[in-house]
Amino acid sequence: MNIALIGSGGREHALCQKIFESKLSNNIICIPGNAGTAKIATNIDINFLDFQTLLKTVKFYKIDLVVVGPEEPLVRGIVDFLIRHKIKVFGPNKFAAKLEGSKAFMKDICKKNNIPTARYKICKNIKDVKNFIKKSKFPLVVKADGLAAGKGVTICKTEKKILDVSDKIFKGKFKSSNKLVLEEFLKGEEASYFLIVDKNKFRFFGSAQDHKRVGEGDVGPNTGGMGAYSPAPLINRKLEKKIINRIVKPTLGALKRKKKQYTGFLYVGLMIKNNEPYLIEYNVRMGDPECQVIIPKLKTDILKIFYNVVENKLNQTTIRWKNTKCMTVVLCSKGYPNKYIKNKTIYNLENIKLNKNSFVYHAGTKFIGDNLVSNGGRVLNITSSGSNFKKIRNNIFKIIKKINWRYGYFRKDIGWRVI
Ligand code: AMP
Ligand code: GLY
């Protein structure tokens, strides 16, 4: 099969590597890809949100299957568009993608189906916000309704802060949102649970915990994720049953009743309190960097899985996993998630000899000539597997030490809960 993979992060390099290893893969194009994918696929630098140009490219390269990494094209309807043009594509349709694209939509599904989640109010103006504040205790969480590149959620401890943040959203801070969700703060431990879904069936696709804050000890501003590990030890059999029966099945059932069945990866973002799961968010894709710790454990041919999902034959597919633990540490540009410099050469990465349990996934990287340079906030994902998280992390540190890049920063406490 010829494959087009959309996206340019560490998640896409991990997917690309697995697709490259598949017995079923022929040519792979990445749109736009990064320096890591450039070594195993052809990077095509077009804007994937320009669907007409994308379609032309897909036809030109005789693509058999398009795999979509990030949320934005999904929320904008890339799947519906490609299917209309008879192109096979892995990912959810535009309606189902609202699970991530609109927090109000997701919350309404929770309410109608009794799915455990934080008590909330969809607010269209400041009056709505003030009414909810009257009935609630602080802290409260303000969430822009639409996609906000990870910057749409603010935990507020005072009324003033809530009103400030809300006002900015109503005034158009995020183009995607003219309303917001105001909700109760849930105390507990976060975990992410992943599924792969077709029209008839869903299957487990790993669990993970990530570290969203930039600083050690989980402090400082939110990022896309500074590191992750899998499995999430928090998720035991009993809890998994609750997640499936109380959260996943009611959600997929609600979409099915609307004849808008979900297909693709589904990322269930949870808060676990006293062994009870509460839904914080849905993402309609794999996580980044969670994907980088789940994909290395996959034994079954990934293209066989994708193809069977697209054909709605997931019930005939067994997904097998290696019985190992996996961790990734993100090496980012100093200053991220605020201002940082790009285009700084990363030395020596190419010379490092990795054992079969380790991998460096690229994210914000590109080649200028033969020179590997940084090209974004999150730059490399140093990933390793094994049976003991502490040993795995030490192995990761050894690899990072060999990379010669003065402009990088990484957290040394990834996985502190399990180490
Ligand atoms: P989201 O964009 O919905 O994933 O939110 C980003 C992060 O904010 C989550 O990963 C949580 O750490 C935190 N968060 C969101 N909603 C809540 C909530 N109701 N209670 C506590 N923390 C929350
Ligand atoms: N690592 C969080 C996310 O992918 O949304």
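In each ligand, atom 1 is the first atom listed, and ligand 1 is the first ligand listed. Both backbone and side-chain heavy atoms feed into the values below; hydrogens, waters and symmetry mates do not.
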When you check ligand 2 against the protein, what N or O pairs turn up below 3.5 Å? List the atom names and distances, or just say none.
unit_1	atom_1	unit_2	atom_2	d
ligand 2	1 (N)	Asp210	OD2	2.9
ligand 2	1 (N)	Gly224	O	3.0
ligand 2	1 (N)	Asp288	O	3.0
ligand 2	1 (N)	Glu290	OE1	2.9
ligand 2	1 (N)	Glu290	OE2	3.2
ligand 2	4 (O)	Arg285	NH1	3.0
ligand 2	4 (O)	Asp288	N	3.0
ligand 2	5 (O)	Arg285	NH1	3.4
ligand 2	5 (O)	Arg285	NH2	2.9

Ring center gap for Phe185 and Phe138 short of 6.0 angstrom: no
Centroid separation Phe205 to Tyr267 less than 6.0 Å: no
Test applied, side-chain hydrogen bond (donor to acceptor under 3.5 Å, both in side chains); reference residue, Gln292; option that passes from Asn381, Thr328, Thr383: Asn381
Side-chain donor-acceptor contact under 3.5 Å, Asn34 with Ser8: no
Donor on one side chain, acceptor on other, Lys322 and Ser385, under 3.5 Å: no
Residue among Lys111, Lys107, Lys121, Lys103 satisfying salt bridge (Lys or Arg N to Asp or Glu O under 4.0 Å) with Glu183: Lys107
Steps toward ring-ring contact (aromatic ring centres under 6.0 Å, His included) verdict (Phe90, Phe265): CA-CA 9 Å; Phe90 175 82; Phe265 287 125; 5.0 Å; yes
Proximal protein residues to ligand 1, non-hydrogen atoms under 4.0 angstrom: Lys103, Ala118, Val141, Lys143, Val153, Glu183, Glu184, Phe185, Leu186, Glu190, Lys212, Met271, Ile280, Glu281
Carboxylate-amine/guanidinium contact Glu159 Lys130, below 4.0 Å: no
Parallel, tilted or perpendicular: ring planes of Phe389 versus Tyr229, cut at 30 and 60 degrees: perpendicular
